[in-house]
Every structure is written in structure tokens, then in C-alpha cells.
Amino acid sequence: MKESRLDQPREWVGHWWRPDRPEAISAGVLTYDPEKGVALRLIGGWSRFASSELVRGLVAHYDEIERWPVIHGRSGESELTIIEPWVSQSIGPYREDPHEMTLAALTLLDGCHLEAPDSPDFIGASVKVENLAGWVGRGQTEVRARSQRTQLDDEEPRRTVVATLGDVQARLHSSSDYHSTEFRRDGRRETRRSEAAVQFTSDTPRPMNEWFSMTGAVSDLVSLATMTACADITISLVLPPAPERFPEGHLLADRPRVVDVYQLHTVKPDPDGKAAIWNDFVVSEADLPWAQLFPAWMDVRDRFAAARSMVLGLRYITRSYLDSRVVTAVGAAEAFHRALDTPPPIPPDEFAKLRALLVGAVPRDRRGWVNDRVAYNEPSLKQRLVELATRPGAFMTKLVPDPDRWAKTAARVRNDLAHRGHAGTDYDLLHAVVEVTSAVVVVNLLKEMGIPIRRLESALSEHPEFTWACTLAQKHFTAPSTTEVPEDYPGASEAFVTPPVPGAS
């Protein structure tokens with residue numbers, strides 16, 4: 001059976017229908033393209049406009065465009081469900097069923113007929129992610145090294161570790177097996193193949209999007225650990241056993257059913273590409289066991305959702321304007337600090353009295369203006385950034401040697417972009433703001449996960465992305481005697497894509 005890899009195109013020829021009109025069946029070809037998503041080209045189709053039969057033979061048509069939650073299909077023995085499709089092309093009568101129709105969608109399920117996108121039918125999911133096997137292997141090797149084992153390269157042939165998330169179990173499976181032997185005149189060479197996947201299981205059925213959130217957390221974790229965008233290679237969902245679908249005594253009657261998932265993702269997977277190597281991992285199982293690491297990550301991922309999505313977005317979406325990357329990086333830092341829910345700078349009672357005093361001290365026609373400017377009892381953006389640069393520990397001076405100077409610069413360029421529409425043309429400085437600020441956010445995320453300080457400190461010296469951020473910080477955010485921060489940034493920045501920087505990974 002062909003593996004449902006998200007980097008490979010697929011095609012199904014079959015018959016298709018809407019669950020609410022099972023008698024209106026159309027033949028067509030369904031395709032999955034890693035670059036474009038899911039497309040279904042039909043001979044025939046269904047009217048896009050809502051209608052209802054008032055009396056037998058009399059149908060009323062409305063201007064409202066219908067949305068179809070799912071489309072069902074069958075190709076050979078495969079049951080297929082297209083999730084929330086939309087019409088990309090329709091040829092034929094305007095308000096009647098067309099002669100030809102093309103639908104597009106982001107998600108396809110191969111292996112079931114789902115009644116609705118939010119149907120709580122699935123009891124599990126699994127995912128393979130780029131660099132996950134290397135991440136697992138790196139953690140195992142580090143653990144053995146600390147145990148003073150001599151054969152560090154001999155990974156465990158089969159290994160499963162479990163993390164518990166409420167009533168969900170997250171099993172990290174890894175394997176390292178003999179792959180092939182090559183006989184040469186200079187000797188014999190044997191190769192091994194290592195693989196890893198995360199499997200989620202529960203006795204409580206859940207909708208598919210809840211499982212997708214968990215599988216997405218795995219790719220986010222590996223992306224954070226490598227500081228690069230790591231795409232999903234395969235995704236599958238699991239349905240409970242359905243003995244009624246098989247003859248009595250059939251081997252598959254009491255087994256869960258696997259549903260392959262095809263989705264269009266921001267990053268196309270490249271399983272055969274260059275893998276992350278030893279020093280490309282910021283954190284691994286050696287720093288925190290899977291049973292602690294994954295639940296901690298799920299908690300941090302939810303609590304700091306805005307900051308997490310923005311800082312990882314800088315890795316997933318690399319082709320963007322430098323100005324937008326500055327706003328995203330500094331926005332991630334501000335969102336992270338807000339999620340900490342720190343006490344306000346001034347006690348609430350004192351702030352209320354001070355605010356009333358300030359508003360009462362100005363003419364009545366100016367009170368609205370003053371009231372708007374003293375509406376929030378919050379630290380400034382600069383104060384937030386300074387705290388983020390120092391809270392992980394003293395080792396942060398390597399990444400941010402002068403927190404006040406970095407915070408002042410980052411806050412100024414972000415505010416200039418957000419409120420004045422430009423931040424100047426010193427692209428090297430703007431690039432430094434992006435890299436250093438995103439590194440600060442990542443270190444704070446790892447600290448919230450409980451990663452040991454010694455590991456965070458060593459990562460600043462070992463990981464290429466962090467070492468490059470430290471270099472930029474030394475250049476741009478050191479004492480005023482070495483680098484002057486301009487007071488104004490005239491001109492608009494139109495730099496597309498971060499310019500190539502020597503030494504950056």
C-alpha cells in the first residue's frame with residue numbers, strides 16, 4: 001500500500017456525491033498536489049445556489065451561495081471525504097446543476113465517509129515530521145554519553161516513550177533497523193534506517209481538528225528545536241473498530257481503522273532533503289524526558305499561542321518584507337510578555353486616583369484626550385522587552401549585551417513602522433532586530449517549558465541561529481561608544497526578503 005506522504009501527488013478516479021443528495025452522483029477525478037492542495041473535477045456537479053422544494057415539482061432558488069461541509073466519494077475500495085470544499089469553476093446553467101464543475105479544498109480524508117467536519121469520530125492520530133528521527137536519535141545519544149556508554153552510535157532498535165495529556169496518550173515511537181548491505185572490493189558496507197513518529201490515542205472520540213492540533217504541536221516542537229521550518233511528512237487519523245463492516249471472524253473486525261490525511265500546508269515537506277545534524281538541535285529528550293517535555297510544550301504552546309505562532313511564522317514564511325518581519329518579531333515578544341500576566345506597574349487603586357487627578361486637572365474639552373492617553377496601567381513596550389532579555393538568567397548577556405539599548409531600538413523601529421509608516425533604510429539594523437528579538441522569544445519559550453539553564457546557555461554557543469543572533473547583537477546593540485542609534489529613520493523600507501548574510505545558516 002502506498003504511503004500517504006504529503007510531498008507526493010496522488011490521484012483517484014471515482015464517483016462523488018453530497019451527503020444531503022446521495023442520489024445525485026457525479027463521476028470525476030480527484031487529485032492532491034503538495035503545492036496546490038485538493039482538487040476535484042466533476043462531470044456534472046451541483047448547483048451552488050441554495051434551493052428548497054416548496055411543493056412537489058416546484059423548487060425555489062435563492063441568491064445565497066451554498067457551502068458544503070463535506071463531499072463524499074468512492075474510488076475502488078477507498079472511501080473518500082473532501083472537507084469544506086469551494087467551487088473554483090462551474091460550466092453550465094446558472095442556477096441549475098452544471099455540466100462540469102471543479103472543486104478545491106485544503107483537506108482530504110482517505111478511508112472514511114465523515115458526516116461533518118466537527119464529527120467526534122476519531123480516537124487517535126499519528127504524525128511523522130521532518131527531523132523528528134534525528135531529534136530522537138540526538139537525545140538518545142546524549143543520554144548514553146552521560147551514562148558513559150562506549151558505543152554511542154548503537155541506537156535502540158525499538159523504543160516507545162509515553163507522555164500523558166489528560167485522557168490522551170502521546171507515544172513517541174522510534175526505530176533503527178538494518179537497511180542494506182553493499183559489497184565492495186575494499187570491504188562491506190552496511191546501512192541502517194532510523195524512523196520516528198508520534199501516535200496519539202484516547203478512549204474518548206474527538207473531532208479531527210482536535211487531533212490536528214496535537215499533530216501540529218509535534219511539528220511546532222521540532223521546528224522550535226531546530227529553529228527551522230519542519231513540515232509534516234504523513235498524517236493519519238484513527239477510527240474505532242467497526243465489526244459490522246466485516247464478515248464474522250474477519251481478521252480486521254476488531255482493529256481500529258486508519259484514515260490517511262492529505263492537506264495543503266504552508267511548508268511542503270522534503271523528506272529526502274538535508275537533515276538537521278548534531279548541533280542543529282536547541283533542545284532534545286536529553287534535556288527533558290518526553291513524559292515531561294511534551295506536556296510542558298503543549299501547555300506553553302497554548303498559553304503563549306500568539307507569540308508562538310508569530311515567532312515560528314518567521315521560520316515557516318521566509319519570503320516576506322523585512323518591515324513585516326520586524327513587526328512580527330517584536331509583536332511576538334510583546335505578546336509573550338502579555339501572556340505572562342505580570343502585575344501592573346502601579347497598584348490599581350493608586351492608578352485610578354492618579355488617572356482621576358490627571359483628567360480633572362485639564363479643561364473639560366480636553367479630558368477625553370487625556371483620558372485616552374492614561375487609559376492603560378501597563379508597562380511600555382521597551383520595559384517589556386528589557387524584562388524578556390533578563391528573565392531567563394544572567395547568561396542572556398551573551399545574546400543581549402545591552403538590554404536597554406536593544407529594547408530601545410526594537411521598540412523604536414516597531415513603533416515607527418506601526419505609527420509612522422517607515423523605519424528607515426538601515427537594513428542591517430532591521431535584520432539584527434528580527435534575529436535577536438526572535439531568539440529572545442525562543443529562549444523565553446524554552447525556559448517556560450522547564451529546559452535547564454545549562455542547556456539554554458550552551459545553545460547560545462552551539463546552535464548556528466543563536467550564535468548568529470549573538471554576533472548581530474554584539475555589533476548593533478552594544479555600548480553607545482561603538483554603535484550610535486539614530487533618532488529618526490527617514491524613508492520607507494522596501495527590502496524584500498532578508499538579505500543574504502555571511503555566516504547565517
Side-chain angles (χ1 to χ4, degrees), residues 227-228 282 307 310-315 317-337 381-392 395-418 420 422-445 456 459-505:
M227 296 286 283
T228 60
V282 178
M310 284 190 280
V311 78
L312 287 177
L314 292 172
R315 306 294 168 184
I317 307 173
T318 55
R319 291 189 60 82
S320 60
Y321 284 92
L322 184 55
D323 287 356
S324 66
R325 292 174 66 82
V326 170
V327 174
T328 300
V330 180
E334 183 177 14
F336 182 94
H337 190 275
L381 175 58
K382 178 188 171 183
Q383 291 171 328
R384 294 182 189 276
L385 295 176
V386 168
E387 185 173 347
L388 291 185
T390 55
R391 65 186 298 274
F395 70 92
M396 286 291 284
T397 54
K398 188 165 189 173
L399 176 59
V400 190
D402 188 338
D404 189 76
R405 186 170 180 77
W406 162 72
K408 180 180 178 181
T409 306
R412 180 177 296 160
V413 297
R414 197 293 299 267
N415 290 338
D416 282 352
L417 284 168
R420 296 170 57 187
H422 58 80
T425 55
D426 189 346
Y427 303 135
D428 286 342
L429 179 64
L430 297 178
H431 174 66
V433 168
V434 172
E435 296 301 317
V436 175
T437 305
S438 62
V440 168
V441 175
V442 170
V443 173
N444 276 273
L445 285 169
L456 298 179
L460 295 184
S461 303
E462 296 174 359
H463 194 277
E465 293 289 333
F466 279 142
T467 56
W468 178 238
C470 291
T471 300
L472 291 174
Q474 292 290 338
K475 178 181 178 181
H476 293 278
F477 308 124
T478 51
S481 59
T482 59
T483 304
E484 291 299 327
V485 180
E487 292 298 324
D488 292 310
Y489 296 87
S493 169
E494 297 179 356
F496 186 77
V497 190
T498 302
V501 183
S505 62

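With sequence neighbours excluded, no residue forms a side chain to side chain donor-acceptor pair (under 3.5 Å) with N415. A search for side chain to side chain donor-acceptor pair (under 3.5 Å) contacts involving E334 returns R338, R414, not counting sequence neighbours. Applying the side chain to side chain donor-acceptor pair (under 3.5 Å) criterion to T467, with sequence neighbours excluded, gives no partner residue. Listed by chain and number, the residues in a side chain to side chain contact (heavy atoms under 4.5 Å, CB included) with A439 are L399, F466, A469 (sequence neighbours excluded). Under the rule for a side chain to side chain donor-acceptor pair (under 3.5 Å), T471 has no partner lying at least two apart in sequence or in another chain.
In this structure, the separation between CE on M310 and CZ on F336 is 12.0 Å, given to the nearest 0.5 Å. A distance of 11.0 Å separates CG in L322 from OG1 in T425, rounded to the nearest 0.5 Å. Atom-to-atom distance recorded for D426:CG and H431:NE2 is 12.0 Å, nearest 0.5 angstrom.
Considering only heavy atoms from C-beta on, F477 stays 4.5 Å or farther from D404 through its side chain. Looking at heavy atoms from C-beta onward, S438 lies out of side-chain contact with R325 at the 4.5 angstrom threshold. Looking only at side-chain heavy atoms (C-beta outward), R315 and E465 come within less than 4.5 Å of each other. Side-chain contact between M396 and T390 is absent, with no heavy atoms from C-beta onward closer than 4.5 Å. In this structure, V330 and L417 have side chains that are not in contact, with every pair of non-hydrogen atoms separated by 4.5 Å or more. V440 has its side chain within reach of W406: a pair of non-hydrogen atoms, C-beta onward, lies under 4.5 Å apart. When side chains are defined from C-beta on, L445 counts as touching V441, because their heavy atoms get closer than 4.5 Å.
Without hydrogens or angle criteria, T437 side chain to V434 main chain gives no donor-acceptor distance under 3.5 Å.
Nearest heavy-atom pair, P403 versus V386, reported as atom, atom and distance to 0.1 Å: O-CG2, 4.0 Å. In this structure, A423 and D416 approach most closely via the heavy-atom pair CA-CB, 4.2 Å.
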